[in-house]
Amino acid sequence: MRIVLGVGGGIAAYKVASLLRLFTESGHDVTVIPTEAAQRFVGTATWEALSGNPVSNSVFDAVDQVRHVRLGQEADLVVIAPATADLLARAAAGMADDLLTGSLLVTRAPVVFAPAMHTEMWQHPATVANVAALRQRGAVVLEPAVGRLTGADSGPGRLPEPEAIHEAAMKAVSGTGDRAERPLAGRIVTITAGGTREPLDPVRFLGNRSSGKQGVALANAALDAGARVRFIAAHMEVPPPAGVDLTVVETAEELREATLELARTTDALIMAAAVADFRPDSVSETKVKKRDDGENPVITLVRNPDILVEAVQQRTELASPAVIVGFAAETGDDDATPLAHGLRKLERKGCDFLVLNRVGRKLVFGQDATEVTILDARGAEPETVSGSKTDVAAVIVARVASALHRAG
Ligand code: CTP
């Protein structure tokens, strides 16, 4: 496959050498086009040696071969890393003032941008609008990773790891990531996932069996639909998804704080996390020891706040998020069926959708196959979906997208 690798003028350019190797080692023919600024960070010789192809960014080199048109036309994939705020702006504006932006205008191949910049730049409305415009046109713009930036600051803005960019690029070509229709382009979706842990003492906690798999599947489905995804991870048995703004939490209280804060500026909130309903009323500073007198410790539990309910309440003031999705794990009992419990919970919690799981010790938790029923507060017929967690996630995300579309 012919790949054009555009390199923007950011300090993260050095990491792109590893990305280039991932491409060449899997047999691809890569032409590197650094911007003029990028050449100040990594020299042309490095790119030529690693790619085995000549490197230039001038439209006036090799004019006889019309390179500014040919490279873009012949490419099967274009990857831009690091995509700086400036490069995103020039691409969104359709400028063609160097070989890289010219190639971007010419190409009809999938284009993947891997942004890296300071958090303020990434969050600036100008950049947000540019990213939305590029996604709307079908480009894949990855979410930057969260962490330490060039200076002392940290936050979203780090270049995603080369392996993550490589994976996203391959996905874009194989078609699974090729978003002809991107119903969540320009939208922000916040997803909570995993199970909270409530400490008893420095070594023990009360936890639950949530694996986080459904949350990860939801994040991938939302990314595929073009959303910017904020992912709040409590304890998970699987790694968090690539390409999201990641916040890691442990307790229900930490999850509450992160969720209510992010919900202020979110289009859709999906509460897939299994939140502990109770926590020990006190946490021992030291490890609780066995006692010689045979007395067993007594753990008193107190209620945790209901985050979903609070997010719904907060929405009445802030009008955000427009769409809120809750999950319910129900076993059913002598009083009512799982569906009846679910319908009551939907009303009690006040969210727009409730995704109902039937659970038992062996059912759902940690399993790949699942069956859920989606309850709709507007009174639409409950929809039962069975399949993998990926299949279920796609349906939930599609429901969220159409609800956001209705909300305007
Ligand atoms: N949830 C929450 N905060 C809590 C408990 C639950 O935000 N303290 C959210 C979960 O993320 C999920 C939904 O509420 O989206 C339903 O959680 P569930 O535990 O099934 O419901 P409960 O309200 O605990 O009801 P019950 O204990 O009666 O099953």
Side-chain angles (χ1 to χ4, degrees), residues 189-199 205-219 222 230-236 247 249-264 266 268-281 301-315 321 323-361 363-365 370 372-377 382 389 392-393 396-397 399-400 403:
V189 177
T190 297
I191 297 167
T192 67
T196 61
R197 287 180 161 184
E198 307 298 322
F205 57 83
L206 291 179
N208 61 63
R209 293 174 185 277
S210 174
S211 65
K213 285 182 183 171
Q214 186 65 72
V216 171
L218 283 161
R230 297 167 175 171
F231 193 82
I232 309 177
H235 175 75
M236 308 212 305
T247 305
V249 298
E250 187 177 347
T251 63
E253 185 48 43
E254 287 169 14
L255 180 65
R256 172 181 176 273
E257 217 171 280
T259 305
L260 294 180
E261 180 54 35
L262 294 179
R264 303 171 77 87
T266 282
L269 170 66
I270 306 181
M271 285 292 300
V275 187
D277 287 323
F278 304 96
R279 67 176 183 279
D281 72 341
L301 299 176
V302 291
R303 279 292 286 270
N304 268 331
D306 192 314
I307 305 166
L308 181 55
V309 167
E310 285 193 45
V312 170
Q313 281 164 356
Q314 181 172 282
R315 165 163 78 174
V323 175
I324 301 181
V325 182
F327 275 68
E330 301 290 351
T331 56
D333 52 27
D334 294 345
D335 287 347
T337 60
L339 181 64
H341 275 300
L343 287 167
R344 273 187 233 157
K345 194 173 285 183
L346 173 66
E347 199 175 333
R348 198 170 69 237
K349 302 242 179 185
C351 49
D352 304 295
F353 298 100
L354 192 81
V355 181
L356 182 64
N357 273 309
R358 266 189 341 106
V359 287
R361 249 174 69 82
L363 229 50
V364 178
F365 285 118
T370 185
V372 302
T373 302
I374 304 174
L375 309 181
D376 185 336
K389 289 194 169 169
V392 167
I396 296 169
V397 165
R399 295 286 292 262
V400 167

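Start at 1 and go down the list; that is how both ligands and their atoms are numbered.
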Looking at [atom], what's its closest protein heavy atom, distance included?
atom                    : answer
atom 7 (O) of ligand 1  : Leu308 N, 2.7 Å
atom 20 (O) of ligand 1 : Lys345 NZ, 2.7 Å
atom 17 (O) of ligand 1 : Phe327 O, 3.5 Å

Who's closest to atom 24 (O) of ligand 1 heavy-atom-wise, of Thr331, Leu354, Asp277, Leu269?
->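 Among Thr331, Leu354, Asp277, Leu269, the closest heavy atom to atom 24 (O) of ligand 1 comes from Asp277.
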Winner among Lys349, Arg348, His341, Arg303 once heavy atoms are compared against atom 28 (O) of ligand 1 =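 Answer by nearest heavy atom: Arg348.
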Side chains of Leu339 and Leu375 in contact at under 4.5 Å (non-hydrogen atoms) | yes
Is any side-chain heavy atom of Glu198 closer than 4.5 Å to a side-chain heavy atom of Asn304?
->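 The answer is yes, as the side chains (C-beta and beyond) meet within the 4.5 Å cut-off.
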Got a salt bridge between Glu347 and Arg344, using NZ or NE/NH1/NH2 to carboxylate O under 4.0 Å?
->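 Salt bridge between Glu347 and Arg344, a charged N being under 4.0 Å from a carboxylate O: no.
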Carboxylate-amine/guanidinium proximity below 4.0 Å for Lys345 and Glu330 |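 Yes, Lys345 and Glu330 are salt-bridged.
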Residue pair Lys349 / Val312: nearest heavy atoms and the distance that separates them |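 What the structure gives for the nearest pair is O-CG2, 3.4 Å.
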Kindly say whether Pro382 contributes a backbone atom to a donor-acceptor pair with the side chain of Thr373 at under 3.5 angstrom?
->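 No; zero donor-acceptor contacts below 3.5 Å.
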Before signing off on this row, confirm whether [X] and ligand 1 have an N or O atom pair separated by under 3.5 Å.
X      : value
Met271 : yes
Ala273 : yes
Ala274 : no
Ile307 : yes

Is the closest heavy atom of Pro305 to ligand 1 under 4.0 Å?
-> yes
Decide whether the shortest distance between a heavy atom of Ala252 and an atom of ligand 1 is less than 4.0 Å.
->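 No; Ala252 lies far enough from ligand 1 that no heavy-atom distance drops under 4.0 Å.
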Asp306/Arg348 under salt bridge (Lys or Arg N to Asp or Glu O under 4.0 Å): CA gap, chis, key distance, verdict = CA-CA 11 Å; Asp306 192 314; Arg348 198 170 69 237; over 6 Å; no
Counting heavy atoms not belonging to Glu257, are there more than 12 under 6.0 Å from its CD?
-> no
Could you list which atoms of ligand 1 come closer than 4.0 Å to a heavy atom of Gly326?
-> 15 (O)
Using a strict cut-off of 4.0 Å, indicate which atoms of ligand 1 neighbour a heavy atom of Ala329.
->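 Per the distance check, 20 (O).
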